[in-house]
J.: 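Quick one: this structure, given as structure tokens, is what I'll be asking you about.
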Amino acid sequence: MKKIDENYFIEPNNIKEDANTIDSVLQADEDVLWRGKPNKKSFILSNILKGSIIAFIFLIFDISFITILFTNLESVPTALIIFLCIFFAFHLIPFWIWISSVITIFKRWKNEEYAFTSQRIIIKKGFIGSQIQSIYYSSLTSVNLKIGVIEKLYKVGDIYIVSSQGKTVMDDIDNAYFLSSRLQKIAHDIKTDIIFPNDLRPKTNKGYKTEYKDE
């Protein structure tokens, strides 16, 4: 058994990177092939419109009911008024969620970042804190592309990634067609080498190029 280095988990003194960045989770032999963020205009507009219809339906309904209530305020018992105020505060939860999403848009866009490395896909998201997700190419199940009206307007796309670890999405990506096709090829190449290792191939079949480097 290989001897375990007792200093393996001791952080070197010269490391000063922010723990909430993609660079902080890179391995020594890991190359970044591509790095990007969501298209700002598309990201903001998409998040403003997302859920806005349902939010305003709830808001208009509740305002109409509350207006009727206050026109007959004298005939309504105080206890019922208090109950209804609490009820509508909870009933408007879809609206409060939408408002909080709009308020936090700029901070979430600033924190959101993606990277393709020689080993994996790294996705960083968050508002107050940050969540950094690593998806190794060997675990990829499918890579799909979705382009809606807003994405088409700004010439971007959403890349949906399904892996053995779950599902995630890269929002509002420039050059989405090219990047999604590259991811699909990487996943196909690596899976093929797992199923058909190069050492077991006949000499006439050299296999796929599964070593991706920063060129």
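Keep in mind it's a predicted model, so treat the numbers as computed, not measured.
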J.: Can you find a pair of side-chain heavy atoms, one from I63 and one from L59, that are under 4.5 Å apart?
T.: yes
J.: Any side-chain heavy atom of K152 within less than 4.5 Å of one from I150?
T.: no
J.: Any ion pair linking K124 and E112 (charged N to carboxylate O, less than 4.0 Å)?
T.: no
J.: Using a 4.5 Å cut-off on heavy atoms from C-beta on, say whether the side chain of S64 contacts that of T67.
T.: no
J.: Between P94 and I54, which heavy-atom pair has the shortest distance, and what is it?
T.: CB-CG2, 4.4 Å
J.: Decide side chain to side chain contact (heavy atoms under 4.5 Å, CB included) for K146 and Y160; before the verdict, give the C-alpha distance in whole Å, the side-chain angles of both, and the deciding distance to 0.1 Å.
T.: CA-CA 7 Å; K146 180 180 178 182; Y160 287 80; 3.5 Å; yes
J.: Y137 versus I121: any side-chain heavy-atom pair under 4.5 Å?
T.: yes
J.: About how many Å separate CD of Q133 and OG of S163, when rounded to the nearest 0.5 Å?
T.: 7.0 Å
J.: CD1 of I161 to OG of S139: how many Å apart, nearest 0.5 Å?
T.: 9.5 Å
J.: Just how far is it from atom CZ of F87 to atom CG of D62, taken to the nearest 0.5 Å?
T.: 7.5 Å
J.: Taking the six-membered ring for Trp, are the ring centroids of Y114 and W34 within less than 6.0 Å of each other?
T.: no
J.: Distance check, rounded to the nearest 0.5 Å: I44 atom CD1 versus R108 atom CZ?
T.: 10.0 Å
J.: Mark yes or no for whether W109, through its side chain, and F43, through its backbone, hold a donor-acceptor pair below 3.5 Å.
T.: no
J.: Flag the pair R35 and D23 as a salt bridge only when some basic side-chain nitrogen lies within less than 4.0 angstrom of an acidic carboxylate oxygen.
T.: yes
J.: What's the verdict on side chain to side chain contact (heavy atoms under 4.5 Å, CB included) for L26 and V32, showing C-alpha distance, side-chain angles and the deciding distance?
T.: CA-CA 9 Å; L26 294 175; V32 176; 3.6 Å; yes
J.: Could you check if a side-chain atom of Q119 sits within less than 4.5 angstrom of a side-chain atom of D31, using non-hydrogen atoms only?
T.: no
J.: Supply the atom-to-atom distance S134 OG to I22 CD1, rounded to the nearest 0.5 angstrom.
T.: 9.0 Å
J.: Below 4.0 angstrom, N of the basic side chain to O of the carboxylate: do R120 and E30 qualify?
T.: yes
J.: Is the shortest side-chain heavy-atom distance between I123 and I135 below 4.5 Å?
T.: yes
J.: Which label fits H91 and F58: parallel for a plane angle under 30°, tilted from 30 to 60°, or perpendicular past 60°?
T.: tilted
J.: State, to 0.1 Å, how close S164 and T141 come at their nearest heavy-atom pair, and which atoms those are.
T.: N-OG1, 3.9 Å
J.: For D172 versus S42, what's the shortest heavy-atom pair and its separation?
T.: OD1-OG, 2.6 Å
J.: Please check if the number of heavy atoms outside I48 that lie under 6.0 Å from its CD1 is greater than 12.
T.: yes
J.: Please evaluate residues Y154 and K40 with respect to the criterion side chain to side chain contact (heavy atoms under 4.5 Å, CB included), reporting the C-alpha separation (whole Å), side-chain torsions for both, the decisive distance (0.1 Å), and the verdict.
T.: CA-CA 10 Å; Y154 289 101; K40 187 175 184 179; over 6 Å; no
J.: State, to 0.1 Å, how close T21 and S24 come at their nearest heavy-atom pair, and which atoms those are.
T.: O-OG, 2.6 Å
J.: Atom NZ in K37, atom CG in D171: separation rounded to 0.5 Å?
T.: 11.5 Å
J.: Flag the pair N111 / E113 as yes when at least one side-chain heavy-atom distance between them is below 4.5 Å, and no otherwise.
T.: no
J.: Take N39 and I173, measure what side chain to side chain contact (heavy atoms under 4.5 Å, CB included) needs, and give me the verdict at the end.
T.: CA-CA 6 Å; N39 179 286; I173 299 297; over 6 Å; no
J.: Is the closest side-chain heavy-atom distance between F116 and L179 below 4.5 Å?
T.: yes
J.: Give me the atom names and distance for the closest heavy-atom approach of L145 to A176.
T.: CD1-CB, 3.5 Å
